[in-house]
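Lettering follows sequence order; numbering is per chain, from 1.
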2 protein chains.
Amino acid sequence: MAIVKAKPKKSSVSAIRVAELAGVSRSAVSRTFTDGASVSPATRTKVLAAAEKLGYHVNHLARGLIHHRSGIVCLIVAEMQAPFQANVVETTTRKLQAIGKVVMVLNTAGQPENVEAALRQTLNYRAEATVVVSGAPPLSLIETCIENGQRVILINRDDAITGPEFVLVENENAAREACLLLHRAGCRNLAVVSSTAGTSSIMAREQSFVAAAAELGLTAQVSRAGPTGYATGAEGARQLLGASNRPDGVFCVTDLLALGFMDVARQEFRLAIPDDLCVVGFDDIPEAGWLAYNLTTFRQPIGAIADHIASIIEKDEPEPAPPKRLPTQVAWRKSVRP
Amino acid sequence: MAIVKAKPKKSSVSAIRVAELAGVSRSAVSRTFTDGASVSPATRTKVLAAAEKLGYHVNHLARGLIHHRSGIVCLIVAEMQAPFQANVVETTTRKLQAIGKVVMVLNTAGQPENVEAALRQTLNYRAEATVVVSGAPPLSLIETCIENGQRVILINRDDAITGPEFVLVENENAAREACLLLHRAGCRNLAVVSSTAGTSSIMAREQSFVAAAAELGLTAQVSRAGPTGYATGAEGARQLLGASNRPDGVFCVTDLLALGFMDVARQEFRLAIPDDLCVVGFDDIPEAGWLAYNLTTFRQPIGAIADHIASIIEKDEPEPAPPKRLPTQVAWRKSVRP
DNA sequence: TAACCTTATGCACAGCCTTGCAAAGCTGCT
DNA sequence: AGCAGCTTTGCAAGGCTGTGCATAAGGTTA
């Protein structure tokens, strides 16, 4: 007689088992766990006791199958270890959970082609909504998502597409204000530290700053030494500060760039901030407030962004709305002369 | 006649619709999307064409219902905007996606009581595995998860429970080595900057350092000025450096603590690092490598941790294994005299 | 052409849940 | 007791997929 290794199967307990234990019908246990369903207190307690004993938990997969509402919201994000993205993910997951959703995170690992695979996953899991924090999703798939009843929300992206909803920050105003701010501090040789990422919000900040400088009769140099991050800011400092016409006022389109820039300016060029050089950042990541930096920067209203995402997802009729533009706010610190 | 607003219903397209369009049975389309199923090339192409046209995507909710494998892995995490946690989440999501899983993030928002709700969600969505990055899950729920066939993995937590799998870092060895390292650098007045969080790994680091100091005949002061973070490190510096017996060698159980400590040491106490004061951190978050800090620290092998998580989840028979202890590695920088 | 084998296809059921509908039970009143 | 009105409960269908089993189709060989 051969030894047959019984497959454990570990079948998770389903409603029928608790119905048997409680001595009621399957429907009764279903109703016990459905808000607003009609169950007598007596059976309710019987069911709850049986459920507790067996460790029963409603299967949201099956529930989603019926309701056509999985309760899942997908977050598509790249570089989620970067401070700004990490904060967006943290805040968004928190607020979405508060309205009863559950968040699936799809990490595109920096590969743009993975955005497509990620969108496929949102369709596979019948997500109610997809929030694209970073990356450029192919238009055709966005349409498929919307046709399947998904809400699609793009953050800090300014494409001229209709269908998805947009929530973005007023990059142009902020960049313009950054320019004025540096000008008021007496800076006359301006520069902007950007990156090769080329996302729409970064381009907007960069170009608006250059335009604002031109309006003041100044030309702003632009440095794009690599991807958006600390190292690129550092390299930008080496480029700009090592050249002959060294700038005295710098706008970094991202705090991370600014921090790298400041470190090199101080350590390798022995410059004092803000005395020799004023620096303005963008995002207001926690690190910008650290004593070593004290960076004056434009705060992205992450809380408001997440609130708006939640409000879009919460309303059940997708009414077309214009892009939501949220204002930034200056976090005044010490990297710019007053 | 009343105007009845037709509920859009937006029912996402299901296999039967593509079967009709392709002129085949529903089974055929199911088989087309099942690896290793027997379908003729002719019908396969017909089905694929129809699916493409309709924007069909297999419903993983229904698929999971049958297979008892949802493909979902839950990550329970608090403070996910903190650099270390953010890196863990990034790496883990990436590696889990690489083995075909999809990650659901449950943010406990720092409230320990939310861990329980999060575990409930993992059961509701029939997650294949639950990874607890931070927080202390109630034992009874862990058991329920395991009974329902889930794999439960606890990170950097050292409870004497059987059932879940543990992957943790050799905190004791590292703390001990940190002590030796400071001693070799000539530090004789030691201190450790910790937090009030009281998690097992932080306690282990703190206590092992103190014990190692005692073995060298030294007593190490301990500062716990608040939750684990930059501000607490800063406050710890004010406490320790403002007192009479100012330490000359400090072990911070977390890089974030170390950075706050360094900033206050330098800016408010005008101390030079490493000349007046040596500092050792733990984690090796990206910020530790920034020029302003150059912090010597113990690197947590996040990649190896994530690899091990993935390997646990990938094997289908949950074989009991002893806790996986991964070694740390010193990232030598400039905050300790050589 | 018949027999046989391989491959492909369709049927029907299972998996877990919700819910409309009708039957049953209960309460209160005459 | 008898009836109306209400609440509770069970039945069965429906939502979407995977798959065992039987059947049909197609190909090969004698």
Polar pair under 3.5 Å, donor/acceptor by atom type, side chain [X], base [N]:
X: A:S14; N: C:dC17; result: no
X: B:R31; N: C:dG10; result: yes
X: B:R26; N: D:dG18; result: yes

Taking [atom1] from [X] and [atom2] from [N], how many angstroms apart are they, rounded to a whole number?
X: A:L65; N: D:dG15; atom1: CG; atom2: C1'; answer: 5 Å
X: A:I16; N: D:dA12; atom1: CD1; atom2: P; answer: 13 Å
X: A:H67; N: C:dG20; atom1: NE2; atom2: C1'; answer: 13 Å
X: A:K46; N: D:dT8; atom1: NZ; atom2: C1'; answer: 12 Å
X: A:D35; N: C:dT18; atom1: CG; atom2: C1'; answer: 13 Å
X: A:N124; N: D:dG18; atom1: CG; atom2: P; answer: 10 Å
X: B:R69; N: D:dG18; atom1: CZ; atom2: C1'; answer: 15 Å
X: A:F33; N: C:dT19; atom1: CZ; atom2: P; answer: 15 Å

| message | Does either side chain, that of A:T93 or that of B:N107, offer a donor lying less than 3.5 Å from an acceptor on the other one? | response | yes
Using OP1 and OP2 only, check whether a side-chain N or O of [X] sits under 4.0 Å from [N].
X: A:Y56; N: C:dC17; value: yes
X: A:T43; N: D:dT9; value: yes
X: B:S27; N: C:dC11; value: no
X: A:R63; N: C:dT18; value: yes

| said: Consider side-chain hydrogen bond (donor to acceptor under 3.5 Å, both in side chains). Of B:R151, B:Q150, B:K101, which one does B:E128 pass it with? | reply: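 When side-chain hydrogen bond (donor to acceptor under 3.5 Å, both in side chains) is applied between B:E128 and each of B:R151, B:Q150, B:K101, only B:K101 qualifies.
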| message | Over all strands shown, is B:S38 touching base, sugar-phosphate only, or nothing at heavy-atom distances under 4.0 angstrom? | response | base
| request: Could you check whether A:S30 gets within reach of a base, just the sugar-phosphate, or nothing at all, counting any heavy atom under 4.0 Å? | output: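 The answer is base, as A:S30 lies within the cut-off (heavy atoms under 4.0 Å) of a base atom.
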| query | Hey, what do you get for OG1 (A:T91) to CG (A:L96), rounding to the nearest 0.5 Å? | reply |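 Those atoms lie 10.5 Å apart.
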| Does atom CD1 of A:I161 have more than 12 heavy-atom neighbours from other groups under 6.0 Å away? | yes
| request: Evaluate whether atom CD of A:E52 has more than 12 neighbouring non-hydrogen atoms of other residues, nucleotides or ligands under 6.0 angstrom away. | output: no
| task | Please tell me which of B:R126 and B:V24 maps to the more 5' nucleotide of DNA chain C, matching each residue to the nucleotide holding its nearest heavy atom. | result |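 The residue whose closest nucleotide sits nearer the 5' end is B:V24.
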| Any idea which of C:dT18, D:dT9, D:dC16 is nearest the B:A62 side chain? | D:dC16
| query | Closest to the A:S40 side chain: C:dT19, D:dT8, D:dT19? | reply | D:dT8
